[in-house]
*Asks:* 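Structure provided below as structure tokens; questions to follow.
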Amino acid sequence: MSITFKLEIEGHSEEVNFSNGNAAALLILAGLQSAPYGEIPRERLDTAITKLLRAMNSDPEYLKRRAGEMMAVLVLARTHGCGVTWG
């Protein structure tokens, strides 16, 4: 099973997919509740991005890479003033 984080901008969608375990870990690192589906509203993107930046400063390379992938989607959403959904 996997969880996809997705945003839509002017008819174009961006997404990143993680295994359930990795998605749960990244949600927790971003300061969000681990759930099989949900939404990160625009107002919470800055906080989530800041927390993921801290995770990217850790030693495990895999964690840094996956956190970077999720952060890229969050930054894009922030740039376009929209939220991110997952499920």
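Quick note: numbers below take in every heavy atom, side chains included, and nothing from hydrogens, waters or symmetry partners.
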*Asks:* Considering only residues two or more places apart or on different chains, which pairs with a residue in residues 25-57 satisfy ring pair (Phe, Tyr, Trp, His ring centres under 6.0 Å)?
*Replies:* none
*Asks:* Checking Glu14 now: which residues fulfil side-chain hydrogen bond (donor to acceptor under 3.5 Å, both in side chains) with it, not counting sequence neighbours?
*Replies:* His12
*Asks:* Holding to salt bridge (charged side-chain N to carboxylate O under 4.0 Å, His left out), I want the full list of residues that pass it with Glu43, two or more places apart in sequence or in another chain.
*Replies:* none
*Asks:* Measuring from Ile3:CD1 to Asn22:CG, what's the distance to the nearest 0.5 Å?
*Replies:* 10.0 Å
*Asks:* Does anything in residues 26-37 pair up under salt bridge (Lys or Arg N to Asp or Glu O under 4.0 Å), and if so which pairs, sequence neighbours excluded?
*Replies:* none
*Asks:* Measuring from Cys82:SG to Arg42:CZ, what's the distance to the nearest 0.5 Å?
*Replies:* 9.0 Å
*Asks:* What residue pairs, at least two apart or across chains, pass ring pair (Phe, Tyr, Trp, His ring centres under 6.0 Å) with a residue in residues 49-76?
*Replies:* none
*Asks:* Taking ring pair (Phe, Tyr, Trp, His ring centres under 6.0 Å) as the cut-off, I'd like each qualifying pair that reaches into residues 65-87, sequence neighbours left out, listed once.
*Replies:* Phe5-Trp86
*Asks:* For Ala48 versus Leu74, what's the shortest heavy-atom pair and its separation?
*Replies:* CB-CD1, 3.9 Å
*Asks:* With salt bridge (Lys or Arg N to Asp or Glu O under 4.0 Å) as the rule and sequence neighbours excluded, what pairs involving residues 2-13 come up?
*Replies:* Lys6-Glu8
*Asks:* Of all heavy-atom pairs between Ala67 and Met56, which one has the smallest distance, and what is that distance?
*Replies:* CB-CG, 3.7 Å
*Asks:* Not counting sequence neighbours, list each pair that qualifies as a salt bridge (Lys or Arg N to Asp or Glu O under 4.0 Å) and has a residue in residues 70-87.
*Replies:* Asp46-Arg78
*Asks:* Tell me, please, which residues at least two apart from Ser34 pass side-chain hydrogen bond (donor to acceptor under 3.5 Å, both in side chains).
*Replies:* none
*Asks:* Which value, rounded to the nearest 0.5 Å, describes the distance between Leu52 atom CG and Leu45 atom CG?
*Replies:* 10.5 Å
*Asks:* Of all residues at least two apart in sequence or in a different chain, which pass the side-chain hydrogen bond (donor to acceptor under 3.5 Å, both in side chains) check with Thr50?
*Replies:* none
*Asks:* Can you list everything that forms a salt bridge (charged side-chain N to carboxylate O under 4.0 Å, His left out) with Glu15? Sequence neighbours excluded, please.
*Replies:* none
*Asks:* Quick check on the hydrophobic clustering: are Ile28 and Phe18 connected, directly or via other members, by side-chain heavy-atom contacts under 4.5 Å?
*Replies:* no
*Asks:* How close do Ala77 and Val84 get, heavy atom to heavy atom, and via which atoms?
*Replies:* CB-CG2, 3.5 Å
*Asks:* Listing request: all salt bridge (Lys or Arg N to Asp or Glu O under 4.0 Å) pairs with a residue in residues 53-72, at least two apart in sequence or in separate chains.
*Replies:* Glu61-Lys64, Arg65-Glu69, Arg66-Glu69
*Asks:* When you look at Met70 and Leu29, which way does the side-chain contact (heavy atoms from CB on, under 4.5 Å) test go after all the steps?
*Replies:* CA-CA 11 Å; Met70 183 173 175; Leu29 287 173; over 6 Å; no
